[in-house]
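I have placed the structure first, in the form of structure tokens, so that the comments after it can refer back to it.
Numbering of residues begins at 1 and proceeds along the displayed sequence.
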Amino acid sequence: NPGAGFSGAMGKYIDVHITGSPSQIEIRLYYTDAEIAGLTESSLRLNWWNGSSWVQCSDSGVNTAAVNSYRGYMWATIRSDTTPNLSQLTGTPFGGGEPAAAGCFIATAAYGTPAAEELDVLRAFRDQVLLESALGSQFVAWYYQASPPLAEFISGNSLLRAFVRELVIDPMVSLAEITQGIWED
């Protein structure tokens, strides 16, 4: 049910209907300060409803410069090689907000809370490195679609949580922290 929204949503949706045969379209969702209150503006992205769940658009970003009376806008470029692609757009709803609860499903499950400080490092890496490229954005979109069942499984077992945290997530956080001076804005 697309009306249920997705985590991090700003409560604003777009329906897209394509006529003709364009090779590329850009979708924009303009927002005000009030509409994004409590959200991290730099991480805003467009998400699309694939028929069963919200998925981040693979070529999506945010323009934080003011446009007329709007604070900025989220955008997604749709082509034959993006997710979604042009053939998937008949009546497709789009919504704008932070990527799936600001992400890190597996890390959140491993730490047992979305407020763990280590997650801030992973979120910054996602926002400043991965989401800045088409390939990285495609990986994030895939991760947000594929990881929730695994995160749910991990969160139900304290031994598995500790294993994943200590042998997988902690080393990733350490690597991101060590290299942070290279990729940080």
Ignoring hydrogens, what is the shortest heavy-atom contact between [X] and [Y]? Give both atom names and the distance.
X: I169; Y: A110; value: CG1-CB, 4.2 Å
X: P22; Y: L86; value: O-CD1, 3.3 Å
X: T32; Y: R71; value: C-CB, 4.0 Å
X: E132; Y: Q128; value: CG-O, 3.4 Å

How long is the gap from [atom1] on [X] to [atom2] on [Y], to the nearest 0.5 Å?
X: Y70; Y: Y31; atom1: OH; atom2: OH; result: 12.5 Å
X: I78; Y: S58; atom1: CD1; atom2: OG; result: 7.0 Å
X: L29; Y: M74; atom1: CG; atom2: CE; result: 4.0 Å
X: D81; Y: Q138; atom1: CG; atom2: CD; result: 7.0 Å
X: I106; Y: R161; atom1: CD1; atom2: CZ; result: 14.5 Å
X: E117; Y: Y111; atom1: CD; atom2: OH; result: 10.5 Å

Subject >> Sole residue of Q24, R45, R79 in side-chain hydrogen bond (donor to acceptor under 3.5 Å, both in side chains) with D59 >> reply: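 Only match with D59 under side-chain hydrogen bond (donor to acceptor under 3.5 Å, both in side chains): R79.
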Are the side chains of [X] and [Y] in touch, meaning some heavy atoms are under 4.5 Å apart?
X: R165; Y: E118; result: no
X: L44; Y: W75; result: no
X: N157; Y: F163; result: no
X: P84; Y: C57; result: yes

Under 4.5 Å between side-chain heavy atoms, hopping through other hydrophobics if needed: is there a path connecting [X] to [Y]?
X: L175; Y: Y143; value: no
X: L167; Y: V173; value: yes
X: V164; Y: L159; value: no

Subject >> Short side-chain to backbone donor-acceptor contact, Q88 and N85, under 3.5 Å >> reply: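 At least one qualifying donor-acceptor pair exists.
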Subject >> Side-chain donor or acceptor of S133 paired with backbone N/O of G136 under 3.5 Å >> reply: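 Side chain of S133 to backbone of G136, a donor-acceptor pair under 3.5 Å: yes, one is there.
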**OP:** Using the side-chain contact (heavy atoms from CB on, under 4.5 Å) rule, take I27 and Y73 through it: C-alpha gap first, then chi angles, then the decisive distance, then the call.
**Re:** CA-CA 10 Å; I27 300 166; Y73 62 87; over 6 Å; no
